[in-house]
Every structure is written in structure tokens, then in C-alpha cells.
Amino acid sequence: DNRWSLKGMTALVTGGTRGIGHAVVEELTGLGARIHTCSRTETELNEYLRDWEGKGFEVTGSVCDVSSRAQREKLMETVSSKFNGKLNILINNAGTGKPGRTVEFTAEEFSSIMAVNFEFVYHLCQLAHPLLKASGAGSIVLMSSVAGVVSLKYLSAYGATKGTSFYHRVYVAGPELLDKMIDIYLDNFASGALNQLAKSLACEWAQDNIRANSIAPWFIKTSLVEPFLSKKSFTEEVIRRTPLGRVGDPKEVSSLVAFLCLPASSYITGQTICVDGGMSINCFD
Ligand code: NDP
């Protein structure tokens, strides 16, 4: 029974040197997959590649800024030649958040967040399609955010991507936290779009036996959110609103990523799954 094994499978994980991506690389390789990863920082990437080699993991990597179209094309060429034109797993993990209030968001900032958090994902999926199809069984996981699932009051541009109406659930936040949330979660736009993209790809590429799902984490302890979590009062507020009473660990996200890539999840596609300690269903505080 190979339902719980990724042996013989190949995967591309973007942003594998830190945080969630790093945990995903280790999780998938532990289940037997061969991985290619990327990041923008050569020294850090090489450091981890050496570390993984030492542990006997089959992980290769190349420098790539996924916000560049040309670099994405080069990345996929590298992946194609490494894995003989076949890719089972695409984990679109790299991403970032751009703080800024809605009314102060410039056109350039808006384009920039769409380019980094959404356009690159869309394009990488396009580029990966022939490889995923050739593998015979493909799985795409989009790293979204719980901010693309729940709607934070006053985030008027929430509907901008027209992506999340299915998922419109109202999260009743107190005004004080809400203020801080608006600053952090402008990547809301892109996350909603990602959740919708997973649904669209799931239907369009089902005939090629490619599944697509998205994962929506709440606060996970990584370098991305360290500046926020280092503020004691902020963390206390986050924890107070999270039924499980704590923030998450990257390994608690990578386990779900792995499940969505395993043959064991072969009938699950087009879903958005929150990894959030219950935050998104906690309307009563
Ligand atoms: P980190 O910032 O800790 O790690 C990001 C990783 O991606 C690093 O390896 C980084 O390396 C790489 N990366 C970032 N930008 C690019 C780029 N343009 N091109 C290539 N590689 C890049 O982030 P997290 O692990 O916290 O986040 C991973 C994903 O999860 C993101 O999409 C984020 O939006 C999402 N998420 C995270 C949450 C959290 O609480 N942590 C909550 C909700 C969603 P380098 O900088 O060297 O390029």
C-alpha cells in the first residue's frame, strides 16, 4: 500500500529555505519525494542544500526570485531537465505581506502585492502544467492565508479579486485588533484570489489527473511574522482569539501539505483548508 508514501515522486517547493517552505521540504523528502526548491538568497540556499545533503535528503535548489517572469521560466526549465519533464507536486509557497492601510495603498504597491502573491503563482501553475500532466498524477498546493477565507470588517478592497465570495464568512473583530489587522492583512486580496484559483484549476485540470488545493494558515511562527509576534500585546491578542490558545508551528502546516500530496488524498481537490487553531470559526470571543 503506497497511499502514505511519496516514493518515486518529484516536487517543486518555492521558498524552501525558511519558515513553512523549509518544513515542507523536510516533510516531503521524509516521505520519499525528490525535491527542487528555490529562494532569492544564494548563501542561505547553499547552506541548507549542504545540510540536506548531509542528512541524505534528495534536495536540489536554485536561486530564483519568483516575482520575475524570466526567472520563473528558467526555474521551470531547470525543474523539467532535473525530473525528465515530469513533476508530481507543485507547492507555491513563497510569498510576502505588504503592510499598509487600504486608503494609503498606492497603485504601485497594489500591483506589487498582486505580482508577488498572485501573478507568480498563476504563471508557475501554467508553466508546470505540462510537467504535472506528464507525471500522470499531479498535486498543486497554493499557500494562501486565513485572511483570504474570513472577511475582516472594513477591508473594503476584499472583493477586489472577486475571489472569495464563496468563502465569505464574517469575522467579528473588535475595533482595536481590527486596526492592527488592516495593517497586516492586505495580502488578503491575493489570498482570496489564490483560494479561487485552486478551485478553478481543480476543475480545469481534473481531466489531466491534477488536483489543486489551497491552505490558509493563521499565525505561524516564522521569520515573516516575527516582527508582529515579537510585540507581546499583539501576540496576546492573537492568542486570545485563537481557540487552541497559541500560534502555530511550520510543521503543523507542512503535515497538511504532505497529506494533500499523498495518494491518500486522491479524492480531495479544489478545497481551501484552514490551519488556524480554530480562529476562522471563532466568531464568539
Ligand atoms: P518566511 O518569510 O519565513 O519564508 C519565506 C521563504 O520564501 C524564504 O525561504 C524566502 O527566502 C522565500 N521567498 C520569499 N520571497 C521570495 C521570492 N520572491 N522568490 C523566491 N523565494 C522567495 O515566510 P513564511 O514561511 O511565514 O510564509 C510562507 C507562505 O505562507 C507565504 O506565502 C505567506 O504569505 C504564507 N502565510 C504565512 C503565515 C504565517 O503566519 N507565517 C500566515 C499565512 C500565510 P528569500 O527571502 O531568501 O527569498
Side-chain angles (χ1 to χ4, degrees), residues 12-27 35-49 51-52 59 61-76 78-79 91-99 112-121 123-124 141-150 152 181 184-195 197-198 214-230 234-235 238-239 242 246-254 256-257 272-277 279-280:
L12 169 61
V13 180
T14 61
T17 54
R18 287 199 308 279
I20 295 171
H22 184 263
V24 169
V25 168
E26 300 212 331
E27 193 88 56
I35 320 261
H36 188 82
T37 189
C38 71
S39 82
R40 293 165 300 182
T41 318
E42 189 166 17
T43 44
E44 196 180 33
L45 179 65
N46 288 337
E47 208 175 288
Y48 281 110
L49 288 175
D51 180 51
W52 286 322
V59 185
S62 51
V63 174
C64 170
D65 182 344
V66 293
S67 63
S68 146
R69 196 172 181 89
Q71 290 189 37
R72 290 193 294 261
E73 280 162 358
K74 190 159 163 265
L75 173 70
M76 206 53 77
T78 307
V79 168
I91 313 296
N92 274 304
N93 165 73
T96 188
K98 172 81 185 80
S112 152
I113 194 165
M114 287 309 277
V116 177
N117 278 3
F118 182 64
E119 190 189 327
F120 97 83
V121 174
H123 187 218
L124 273 186
V141 177
L142 310 181
M143 199 54 70
S144 176
S145 164
V146 82
V149 175
V150 293
L152 299 181
M181 294 277 192
I184 299 164
Y185 273 117
L186 274 165
D187 59 333
N188 198 355
F189 311 134
S191 302
L194 289 187
N195 296 339
L197 179 61
S214 69
I215 294 183
W218 174 227
F219 274 93
I220 308 296
K221 244 179 285 165
T222 69
S223 62
L224 182 70
V225 295
E226 209 280 325
F228 302 110
L229 295 182
S230 62
F234 182 82
T235 304
V238 167
I239 286 171
T242 309
R246 59 182 176 83
V247 297
D249 184 86
K251 281 189 159 63
E252 294 179 301
V253 182
S254 63
L256 175 61
V257 173
T272 299
I273 304 175
C274 298
V275 183
D276 66 353
M279 177 279 203
S280 60

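Just so you know, ligand 1 is whichever comes first in the structure, and atom 1 is the first atom listed for that ligand.
Residue Met143 approaches ligand 1 through these ligand atoms, each under 4.0 Å from one of its heavy atoms: 29 (C), 30 (O), 35 (C). Close approach to Thr17 involves these atoms of ligand 1, each under 4.0 Å from a residue heavy atom: 8 (C), 9 (O), 11 (O). Each of the atoms 40 (O) of ligand 1 lies under 4.0 Å from some heavy atom of Phe219. For ligand 1, the atoms sitting less than 4.0 Å from at least one non-hydrogen atom of Val225 are 39 (C), 40 (O), 41 (N), numbered in the order shown with element in parentheses. Against a heavy-atom cut-off of under 4.0 Å, Asp65 is close to the following atoms of ligand 1: 17 (C), 18 (N), 19 (N).
With respect to the salt-bridge test (charged N to carboxylate O, under 4.0 angstrom), the residues Arg246 and Glu252 qualify.
With a 4.0 Å heavy-atom cut-off, ligand 1 is reached by no atom of Pro250. Contacts between Val247 and ligand 1, counted as non-hydrogen atom pairs separated by less than 4.0 Å, are absent for every part of the residue. If you look at Ala216 next to ligand 1, there are no close heavy atoms at all, none under 4.0 Å.
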Exercise for review: Would you check, one step at a time, whether the test side chain to side chain contact (heavy atoms under 4.5 Å, CB included) holds for Val247 with Ile220?
Suggested key: CA-CA 6 Å; Val247 297; Ile220 308 296; over 6 Å; no
Review point. Please walk me through it: do Trp218 and Val238 pass side chain to side chain contact (heavy atoms under 4.5 Å, CB included)?
Key: CA-CA 9 Å; Trp218 174 227; Val238 167; 3.7 Å; yes
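The aromatic rings of Phe228 and Phe234 lie tilted to each other, with the angle between the two planes from 30° to 60°.
Proximity annotation for atom 20 (C) of ligand 1: of Gly19, Cys38, Cys64, Cys64 comes nearest, heavy atoms only. Relative to atom 19 (N) of ligand 1, the option among Val66, Thr14, Val63 with the closest non-hydrogen atom is Val66. If you check each of Ser144, Gly95, Ser68, Gly15 against atom 36 (N) of ligand 1, the one with the closest non-hydrogen atom is Ser144. If you check each of His22, Glu226, Arg40 against atom 14 (C) of ligand 1, the one with the closest non-hydrogen atom is Arg40. Distances from atom 32 (O) of ligand 1 to the heavy atoms of Asn93, Val25, Leu224, Val238 put Asn93 nearest.
For ligand 1, the polar-atom distance check finds an N/O of Ile20 within less than 3.5 Å of one of the ligand's N/O atoms.
Within the structure, ligand 1 has Trp218 among the residues with a heavy atom less than 4.0 angstrom away.
The only option from Val13, Ile91, Val275, Asn93 that meets the side chain to side chain contact (heavy atoms under 4.5 Å, CB included) definition with Ile20 turns out to be Asn93.
Side-chain polar atoms of His36 and Thr78 form no donor-acceptor pair below 3.5 angstrom.
Pairing each heavy atom of Ser214 with each of Ser144, the nearest pair is CB-CB, 4.3 Å. Nearest heavy atoms, Thr14 versus Ala94: OG1-N, 2.9 Å. The heavy-atom pair separating Cys38 from Cys64 by the smallest distance is CB-CB, 3.9 Å.
In Glu73, the CD atom is crowded: over 12 heavy atoms of neighbouring residues, nucleotides or ligands sit closer than 6.0 Å.
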